[in-house]
Amino acid sequence: MLLGAVIRHGEVAVRISEVEAYLGPLDPASHAFRGPGGRAAVMFGPPGRLYVYLSYGIHHCLNVVCSPDGVASAVLLRGGEVIAGKEIAQQRRGLRVPARRLASGPGNLGQALGAELSDSGALLTLGSQPLRPAAELWSLEPAETPTPWAVTTRIGISKNADAPWRFIIPSDPTVSGRRH
DNA sequence: CTTACGATTGCCT
DNA sequence: GGCAATCGTAAGG
């Protein structure tokens with residue numbers, strides 16, 4: 001369960017409020033649909049790694065690879081709340097952006113965390129980080145307590161659009177888009 | 001080699 | 001609600 005978990009890159013940390021699952025050759029909406037030869041090769045690899053892709057030539061979107069080695073799947077991080085490194089995130093996103101929008105939406109979340117294409121394939125350290133985290137270090141800390149959640153269909157895709165594979169924390173103001 | 005297309009966002013009307 | 005921005009991929013010739 002990624003909802004409520006905290007992803008950290010250097011000094012910036014985000015508590016995840018919205019995710020979407022993408023599978024492999026069975027899911028036409030997935031980048032892994034066409035096999036392990038393309039940009040989504042990391043989705044076929046071992047779990048606990050980042051898959052980063054460039055969306056519309058502008059936005060760096062973050063996924064967590066979740067399936068065993070050899071099986072393709074990843075979870076797109078679509079939104080969350082910046083809980084550490086707010087000044088850095090604010091600087092990256094622009095000073096006019098309200099706090100709750102700093103990491104709301106997949107492109108915004110990637111920008112707040114300073115994700116780049118070269119981060120694709122990076123290993124996510126499990127658990128909390130040392131006091132002074134290395135700028136290039138990624139980590140993922142599971143939620144401490146269970147979180148109320150809801151399911152919806154995915155957003156922004158045309159293929160396999162009916163699959164109910166989007167998961168949100170309904171009460172969280174950092175969820176992007178519709179809440180049903 | 002050339003062309004078309006997004007797992008999006010923010011600004012414009 | 002409409003649409004431009006912008007570039008790595010993937011598909012086509």
Side-chain angles (χ1 to χ4, degrees), chain A residues 1-3 5 7 9 12 14 16-45 47-67 71-82 86 88-122 124 138 140 149-169 172-180:
Chain A
M1 173 58 71
L2 279 170
L3 292 178
I7 186 170
H9 182 215
V12 179
V14 170
I16 299 164
S17 66
E18 177 186 4
V19 299
E20 276 178 358
Y22 287 85
L23 303 190
L26 293 176
D27 181 8
S30 172
H31 292 164
F33 182 64
R34 289 166 180 84
R39 59 179 160 175
V42 60
M43 284 180 65
F44 290 81
R49 291 182 178 273
L50 285 177
Y51 165 50
V52 183
Y53 70 92
L54 185 64
S55 180
Y56 289 89
I58 303 172
H59 306 106
H60 292 86
C61 299
L62 275 171
N63 297 252
V64 177
V65 178
C66 290
S67 45
V71 180
S73 81
V75 173
L76 171 68
L77 308 183
R78 288 195 54 95
E81 175 192 4
V82 177
K86 292 179 183 172
I88 299 175
Q90 188 83 60
Q91 192 79 10
R92 287 173 176 155
R93 291 276 293 118
L95 299 178
R96 312 188 318 192
V97 175
R100 69 178 40 176
R101 298 267 162 78
L102 283 177
S104 183
N108 294 334
L109 185 147
Q111 186 178 20
L113 282 168
E116 301 172 19
L117 275 188
S118 57
D119 291 314
S120 201
L124 279 165
W138 291 88
L140 185 66
W149 53 273
V151 196
T152 81
T153 52
R154 295 179 291 187
I155 288 183
I157 55 172
S158 52
K159 303 167 231 167
N160 203 6
D162 292 336
W165 292 341
R166 175 173 176 255
F167 304 86
I168 64 174
I169 301 177
D172 195 305
T174 65
V175 170
S176 74
R178 56 183 159 78
R179 262 154 228 273
H180 55 84

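Protein chains get the first letters and strands the later ones, always in sequence-line order, with residue 1 at the start of each. Because the structure is predicted, anything quoted here is derived from the model rather than measured.
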From [atom1] of [X] over to [atom2] of [N], roughly how many Å is that when rounded to an integer?
{"X": "A/Y56", "N": "C/dC3", "atom1": "OH", "atom2": "C1'", "result": "12 Å"}
{"X": "A/L117", "N": "C/dT9", "atom1": "CG", "atom2": "C1'", "result": "11 Å"}
{"X": "A/H31", "N": "B/dC5", "atom1": "NE2", "atom2": "C1'", "result": "11 Å"}
{"X": "A/Q111", "N": "B/dG10", "atom1": "CD", "atom2": "P", "result": "8 Å"}
{"X": "A/Y22", "N": "B/dT8", "atom1": "OH", "atom2": "C1'", "result": "12 Å"}
{"X": "A/D119", "N": "C/dG8", "atom1": "CG", "atom2": "C1'", "result": "16 Å"}
{"X": "A/R39", "N": "C/dA10", "atom1": "CZ", "atom2": "C1'", "result": "8 Å"}
{"X": "A/L2", "N": "B/dA7", "atom1": "CG", "atom2": "P", "result": "20 Å"}

Across the strands shown, which category fits [X] at heavy-atom distances under 4.0 angstrom: base, sugar-phosphate, nothing?
{"X": "A/R101", "value": "nothing"}
{"X": "A/I58", "value": "base"}
{"X": "A/I157", "value": "sugar-phosphate"}
{"X": "A/R96", "value": "sugar-phosphate"}
{"X": "A/R34", "value": "sugar-phosphate"}

Problem set entry | Heavy-atom closest contact (A/H60 atom, A/V52 atom, distance) |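 So the minimum-distance heavy-atom pair works out to CB-CG1, 4.2 Å.
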Exercise. What heavy-atom pair brings A/P28 and A/K159 nearest, and what distance separates the two atoms?
Worked result: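 Of all heavy-atom pairs spanning A/P28 and A/K159, the closest is O-CD, 3.6 Å.
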Exercise. So A/N108 and A/R93, side chain to side chain donor-acceptor pair (under 3.5 Å) or not? Walk me through it.
Worked result: CA-CA 7 Å; A/N108 294 334; A/R93 291 276 293 118; 3.3 Å; yes
Problem set entry | A/R101 atom CZ, over 12 foreign heavy atoms within 6.0 Å |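 For A/R101, atom CZ is not crowded (no more than 12 foreign heavy atoms under 6.0 Å).
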What integer number of Å spans the [atom1] atoms of [N] and [M]?
{"N": "C/dA4", "M": "B/dA4", "atom1": "P", "value": "16 Å"}
{"N": "B/dA7", "M": "C/dG1", "atom1": "C1'", "value": "22 Å"}
{"N": "B/dT2", "M": "C/dT6", "atom1": "P", "value": "23 Å"}

Problem set entry | A/L54 or A/H59, whichever maps to the more 5' nucleotide of DNA chain C |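 Closest to the 5' end, via its nearest nucleotide, is A/H59.
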For this session: If C/dA10 has a Watson-Crick or G-U wobble mate with both distances under 3.5 Å, name it; if not, just say none.
Result: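 Its partner is B/dT3.
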Problem set entry | Whichever of A/V75 and A/N108 has its nearest DNA chain B nucleotide further upstream toward 5' |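 Between the two, 5'-proximity favours A/V75.
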For this session: For A/Y53 and B/dA7, say yes or no: do the ring centres fall under 5.5 Å of each other while the ring planes differ by less than 30°?
Result: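 A stacking contact does not exist, since A/Y53 is not both close and nearly parallel to the base ring of B/dA7.
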Exercise. Will you find, in the side chains of A/S17 and A/E81, an N or O donor that is under 3.5 Å from an N or O acceptor?
Worked result: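 No pair is found: no donor N or O on one side chain lies under 3.5 Å from an acceptor on the other.
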